[in-house]
There are 2 protein chains.
Amino acid sequence: MIRCNPQLECPTNLLLALLSGPWTMPIVWSLFEEGPARFGALKRRITGISSRLLTERLRMLEAQGFVDRHEEKTIPPQVTYSATERLRRLCQALEALGAVADEWHANYLLQHT
Amino acid sequence: MIRCNPQLECPTNLLLALLSGPWTMPIVWSLFEEGPARFGALKRRITGISSRLLTERLRMLEAQGFVDRHEEKTIPPQVTYSATERLRRLCQALEALGAVADEWHANYLLQHT
DNA sequence: CCGCATCCAGCTAGATACTG
DNA sequence: CAGTATCTAGCTGGATGCGG
């Protein structure tokens, strides 16, 4: 049982809201599955994302403890992002959604927001 | 392992996108935890939602097979919404997120989108 | 290379009013 | 009761250009 009053903010609800932000899942999954990457490489992995949004999402994920940011103060600078242990556990939990998602996807009707 | 190229659309990603729509989770959880309800009652449960959005979200969830719509063609009309088996399985899968969400929530820093 | 500042267009959620 | 129609304001994301 999910112990959560829908009218109130609960951790699961908030977490879902966070993950639901634009480009958040693609970033999360890229870091989880394809491993750490520097800013530019990550931008190339996530086709279509703008610098602005990538920066913003990464900052948010970092603030929430899902992403590590490692900065080499060289010239030019090198900044590497990677998944934290917390993010790995999160992604493992998301696997539980896979079965339902697959079955749903087999016969869903498009148009989703 | 989540077998999903972040650059491509995969079922889990799409499902998350769907759930991420405004008011979607509150509606889903209300139907799952508090049971079936008629339109007006549901609107009262989900504090702050507008008729327009509630209708739209319910229509979408119905189209995707997560919600059942039962209409009594009386006067005045009575329409009852309830969770489908698929939605129940979805919510059970979401429970796996609970542990991570709780731990995260214990020390997250606000500001999420 | 890794961003940030700025500007702008488009969507969308809310408010409001109305109907079978 | 259970929606639908319309109008609008505000946010937000894309594009662009610049800077340490």
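Below, read A as the first sequence line, B as the second, and so on, with proteins coming before strands; counting in each chain starts at 1. As the structure is a computational prediction, the values presented were derived from the model and not from experiment.
Closest to the side chain of A:Arg38, out of D:dG13, C:dG3, C:dC1, is C:dC1. With C:dA13, D:dA2, C:dG3 as the choices, the nucleotide that has an atom nearest any side-chain atom of B:Pro22 turns out to be C:dA13. Picking from C:dG3, C:dC1, D:dG14 the nucleotide with the shortest atom distance to the side chain of A:Pro77 gives C:dC1. Comparing atom distances between the A:Trp23 side chain and each of D:dG14, C:dA13, D:dA2 picks out D:dG14 as nearest. Nearest to the side chain of A:Ser51, among C:dC4, C:dA13, D:dG14, sits C:dC4.
Listed here is the closest heavy atom pair of B:Arg45 and B:Glu34: NH2-O, 3.1 Å. Annotation for B:Leu42 and B:Leu31: closest pair CD1-CD2, 3.9 Å, computed over non-hydrogen atoms. What you find for A:Ile46 and A:Pro26 is that their closest heavy atoms are CD1-O, 3.5 Å.
Positionally, the nearest nucleotide of DNA chain C for A:Tyr81 lies more toward the 5' end than for the other of A:Arg52 and A:Tyr81.
At a threshold of 4.5 Å between non-hydrogen side-chain atoms, the residues A:Arg59 and A:Glu56 do not count as touching.
Summarising the geometry, the separation between CD on A:Glu56 and C1' on C:dC4 is reported as 12 Å, rounded to the nearest angstrom. One atom, CD1 of B:Ile49, and another, P of D:dG3, lie 12 Å apart when rounded to the nearest Å. Whole-Å rounding puts the B:Leu54 CG to C:dG14 P distance at 12 Å. As rounded to whole Å, 13 Å separates atom P of D:dT12 from atom CE of A:Met60. Computed from coordinates, the B:Arg59 CZ to D:dA2 P distance equals 12 Å when rounded to whole Å. Rounded to whole Å, atom P of C:dC1 lies 14 Å from atom CD1 of A:Ile75. In this structure, A:Arg57 atom CZ and C:dC2 atom P are separated by 20 Å, rounded to whole Å. Between the CD atom of A:Glu62 and the C1' atom of C:dG3 there is a distance of 14 Å, given to the nearest Å.
Regarding contacts with the backbone of C:dG3, a side-chain N or O of A:Arg69 is found under 4.0 angstrom from either OP1 or OP2.
We find the CD1-CD distance between A:Ile75 and A:Glu72 to be 13.0 Å, quoted to the nearest 0.5 Å.
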